[in-house]
Each structure stands twice: as C-alpha cells, then as structure tokens.
Amino acid sequence: MKSKRGVKIVIFILLLMFLAFTFYIRTDTPEKRALEGIAEKALGAGEIRFLSYSENSQGQTVGVYEDDVYRYTVLDKTGELIGLYINTRSMEKLDSALVEENGVRVSEEEAEKTARDIVQKLHPEWDMAKLNFTETKTDSHLDEFRFDVEGGDRPLSINLAFNGQLSGVNKDLCA
C-alpha cells in the first residue's frame, strides 16, 4: 500500500512541475521580455504599448512598441532594446517648443553631458572612460546633436534635439 501512495505522490509532484514549467513558457514571451527591457531603461513616459512586428536589415524579427514619448524597436528573441525614436506627438511638442522658446539651444557641452548620461543609463556595464564620443551637428532641430559612440560592445548613435531632449538612439547591429 505504501508503494502505491509513494507513486501517487511522485506523479503529483511531476504534474506540479510540468504545470509550473508550462506556465513559465507561456509567461516568458517576446513581448514580456521587450516590455521588461524597455521599462528597465525608463527613458519615456506612460504605458508601453505593442504596435507591430517587422524585420530589420539583418533579417531579425523586431517588435515595435510605443509610449507617450518614444517608439522602441526591440529584438524579438532577446528583448534587447536596439533603437528608440521620438514619436509623432513628441515631435510636434518639439516643433512648438522651437517656436515658443525662440529656438533656445543647449550648448555642445550640455549636449555631450546628456549623451553620456544616456549611454550610462542604457549601458551601465560599459566603461565610460574607454568610450569615444564623436559629435556631428545637423541642420534638423529634431536631431541637432548627433553623437557616435564607440568603445562599447557595438557602435551606438545618440541624437538630441536643439533643447537637449533625446530624439533617437540606434545600435549598429552590423558590428
């Protein structure tokens, strides 16, 4: 009799383990990994919404998400944030700020400090002393300051608007 009871206990334990594993598989989705990756960086504001899937130039599936400030692209397999871009509503706000504030711009020094802060937030594992920041000025008020960052695990581009607001980040996946 005891052996039948022991077998029932073992079967019950195996059933519980199977159910737990099944629950884990269902809850560890690409969307969940992406949302966790975006929320961890906390660059935007508001609820993060899934928009669509697409394929990038390297043939990888990326998820596209958006909050109240940015549109994010995230590698589907890993949940890694590979790009963010200011969304349409935020572009309109920057356009208004340009007119209303008479185009008050941040200095190049302030822009570089902001870019360094963003890199530190996105990649705290990178050694800031080993990074090389190359600045390029553009003619667009939405991405007036562009910083190409090298020295991390792959090149990174950071764009800032005229007032120092982050307007885009892009990782070079070809490196």
Given the rule that I, L, V, M, F, W and Y join up when any side-chain heavy atoms are under 4.5 Å apart, are Leu122 and Tyr70 in one cluster?
yes
Donor + acceptor pair across side chains of Asp117, Thr114 (<3.5 Å):
no
May I ask you to check whether Ser157 and Asn170 show a side-chain donor-acceptor distance below 3.5 Å?
no
Not counting sequence neighbours, list each pair that qualifies as a ring pair (Phe, Tyr, Trp, His ring centres under 6.0 Å) and has a residue in residues 140-164.
none
Tyr65 vs Leu81, side-chain contact (heavy atoms from CB on, under 4.5 Å): CA-CA, chis, key distance, verdict:
CA-CA 10 Å; Tyr65 299 80; Leu81 178 65; over 6 Å; no
Is it the case that the side chain of Tyr72 and the backbone of Asp67 share a donor-acceptor pair, with hydrogens and angles ignored and the cut-off at 3.5 Å?
no
Donor-acceptor contact present, side-chain Ser167 to main-chain Leu142, <3.5 Å:
yes
With sequence neighbours excluded, residues passing side chain to side chain donor-acceptor pair (under 3.5 Å) with Asn163
none
Tell me which pairs pass salt bridge (charged side-chain N to carboxylate O under 4.0 Å, His left out) where either residue lies in residues 83-98, with sequence neighbours left out.
Glu66-Arg89
Measure across Met128 and Arg116 and return the closest heavy-atom pair with its distance rounded to 0.1 Å.
CE-O, 3.5 Å
Any carboxylate oxygen within less than 4.0 angstrom of a Lys/Arg side-chain nitrogen, looking at Lys130 and Glu125?
no
Could you see if Ile118 belongs to whatever hydrophobic cluster contains Val106? Use Ile, Leu, Val, Met, Phe, Trp, Tyr and a side-chain cutoff under 4.5 Å.
yes
Within the structure provided, determine whether Val69 and Gln165 are in side-chain contact (heavy-atom separation under 4.5 Å).
yes
Taking side chain to side chain donor-acceptor pair (under 3.5 Å) as the test, write out the residues that go with Glu110, two or more places apart.
Ser107
List, by chain and number, the other hydrophobic cluster members for Leu51, where Ile, Leu, Val, Met, Phe, Trp and Tyr join if side-chain heavy atoms come within less than 4.5 Å, directly or indirectly.
Val64
Quick one: pull up OG1 in Thr138 and CZ in Arg146 and give me the separation to the nearest 0.5 Å.
9.5 Å
Glu109 with Lys113: basic N within carboxylate O range, under 4.0 Å:
no
Would Leu98 and Arg105 count as a side-chain contact (heavy atoms from CB on, under 4.5 Å) here? Give the steps.
CA-CA 9 Å; Leu98 179 66; Arg105 289 164 163 72; 4.2 Å; yes
Linking I/L/V/M/F/W/Y whenever any side-chain heavy atoms sit under 4.5 Å apart, do Leu84 and Val119 land together?
yes
For Asp68, what residues pass the side chain to side chain donor-acceptor pair (under 3.5 Å) criterion, not counting sequence neighbours?
none
